[in-house]
Amino acid sequence: MMPSEPISDVDLQAYVDGQLDMPGRIEIERRLQAEPEAAARVMEELRLRDELRLFLADEAEPIAPATVALARELSRRLRARASRLRLRRAIAAAVLIGAGWLAHAEFGLIVDQVAAAHPVPALAAEAAAAVDLLRAGVSAGEGAPLRLAAPRTGGEVPIPNLGADAHLLRVQPVPTPDGPGIASLYRLGSGALVSLLAAEAGSFAVTWPQPATVNGRPTVFWQAGPFAYALSGEVPGAELLGIARRAAPGPWPEFDSPSPTEGTPHG
Amino acid sequence: MPREVTAPFDVEPHLGVLRRYALVLTRDPDEADDLLQDALVRAIAAAGTWRPGSDARPWLLSILHNTHVSRKRRRQVEAAAARELALDPPATSAPRQLARVQLGQTMTALMRLPDDQREVLTLVALEGMAYKDAAEILGLPTGTLMSRLARAREALRRVLDGGGGAGQAERPALRVVR
């Protein structure tokens, strides 16, 4: 453009610090061809930067074990935070769906009509993902059940008993728009993992366990009065439904369950 | 070289850079380890301020920076109090043990610069560090960062050219000794 004009220091600095996009870099390089002195200075700056960069890429000495332990704890918290946000959406969907079946007219709740008509998609994908997310955080020795207060109902959110076959691996509190929820990961006797999500719902409803399959992972939802639940795992849908029916406070109407609904997430 | 792709919440891959940045800040390896641990403890307490999905590195660097600033401030207060009470000053000016870390000529020169100049040069040298991010980490406007950076470069060049008397005897290292 104007090759006679010297390149500004700001431009040179931005070039050395990698702040320019490709056309910007090319333009500076083209002009540097004509300015050997500036080019030499840039090369010097690049060398200094690279030496600093090499110094910063520290792999020489081992990191103190206490430091590594702190870093792992921090990673665990950040990972939990990332999955909490995912699960928050999952529980929100579960609550919404539970409300949608029975309550949206009576309770005047704003219910996503699509979610109410097709209760599977949003939650099923999230609940299925919860299995993997929680599994990532499994470490030996964890598994104390957590109690979750139900401020609107009073008392605690009852956590269904999945039976003697289910070994509790990990429990994690989960914020939901309606208040706290809880996610528990179990290992079944067969070795399969299932996750149970529980929360105090924003409305009162009673729905029987409803099976669905999303992305190949069976998921079952139900609401017991003010409490909403979702169960998902690596087991056949019929088995999962059986677990949910045994765990959910019945009695449930004895008729054939609706055929599992196939859905894909639409969120 | 492109940075290794890791899960955004994985902190361990950043420990090397964090420790070296701590060393640039403190100029003392033991102090640097202390500072890093302090910063990690703070980060654990402040995990709720991390935005999931975003790169943890700038977040960690700014916590490290803030931890360093508040440690420094605390020591100044302690030193002032000790002076007032005519006590022995606390070991703020502990002998620098940088000799334990082998530094090349460039890093030796860098370590002679004032704090604010070392900070900007180091942060901006990091691969993929935008001015905006570096400015955020240091709590500066971007314009201030850029002018400070220009001054820091000039100062570094002066030291390297012999103004600081460092490394005159040494030949420029072909390879930086870490």
Side-chain angles (χ1 to χ4, degrees), chain A residues 8-21 40-89 132-133 136-137 173 175, chain B residues 1 7-21 23-24 29 33 36-37 39-41 43-45 47-48 50-53 56 59-60 101-107 109-110 121-122 124-132 134 146 149-150 153 156-157 160 172-173 175-176 178:
Chain A
S8 77
D9 283 348
V10 171
D11 284 348
L12 284 182
Q13 184 165 289
Y15 175 81
V16 169
D17 293 329
Q19 308 289 317
L20 300 178
D21 58 6
R41 225 184 84 206
V42 163
M43 288 318 291
E44 187 193 11
E45 296 296 354
L46 285 174
R47 175 177 65 83
L48 296 179
R49 184 207 65 188
D50 284 346
E51 289 185 8
L52 237 169
R53 203 173 265 189
L54 192 59
F55 170 80
L56 289 167
D58 173 23
E59 274 154 16
E61 321 133 55
I63 308 262
T67 307
V68 173
L70 285 171
R72 291 201 176 135
E73 172 61 18
L74 177 58
S75 300
R76 203 182 62 76
R77 301 250 176 147
L78 298 185
R79 188 193 304 121
R81 183 166 155 72
S83 38
R84 248 199 306 283
L85 289 196
R86 280 179 69 86
L87 289 167
R88 178 188 295 177
R89 285 185 282 134
D132 297 318
L133 284 166
Chain B
M1 56 199 147
F9 43 72
D10 206 353
V11 175
E12 272 183 83
H14 303 302
L15 284 181
V17 161
L18 291 172
R19 181 167 62 170
R20 282 284 153 115
Y21 184 55
L23 183 59
V24 168
D33 283 347
L36 176 54
Q37 288 192 3
L40 287 171
V41 168
I44 287 169
W50 175 66
R51 208 159 29 82
W59 182 75
L60 289 165
V101 181
Q102 283 201 299
L103 299 175
Q105 191 193 18
T106 301
M107 289 312 298
L110 180 95
L121 279 173
T122 309
V124 167
L126 283 171
E127 182 117 28
M129 179 67 73
Y131 284 161
K132 186 178 70 66
M146 286 169 68
L149 194 53
R153 285 229 157 86
L156 182 64
R157 214 175 304 124
L160 283 168
R175 236 181 113 239
V176 168
R178 281 191 291 189

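To find a chain, count down the sequence lines: A is the first, B the second, and so on, and within it residues start at 1.
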**Item:** Contacts of A/A64 that satisfy side-chain contact (heavy atoms from CB on, under 4.5 Å) - sequence neighbours left out
**Value:** A/T67, B/Q37

**Message:** Please enumerate all residues that pass side-chain contact (heavy atoms from CB on, under 4.5 Å) together with B/A150, with sequence neighbours excluded.
**Reply:**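 B/A150: side-chain contact (heavy atoms from CB on, under 4.5 Å) contacts with A/Q13.
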
Side chain / backbone / both / neither for [X] at chain A, heavy atoms under 4.5 Å:
{"X": "B/L18", "value": "neither"}
{"X": "B/I44", "value": "both"}
{"X": "B/L110", "value": "side chain"}
{"X": "B/L149", "value": "both"}

**Message:** I want to check something: taking the side chain as every heavy atom from C-beta on, are B/L126 and A/R53 in contact at a cut-off of under 4.5 Å?
**Reply:**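 SC-SC contact between B/L126 and A/R53 ruled out.
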
**Request:** Quick one: closest heavy-atom pair of B/L40 and A/A71, and the distance?
**Result:** CD1-N, 4.1 Å

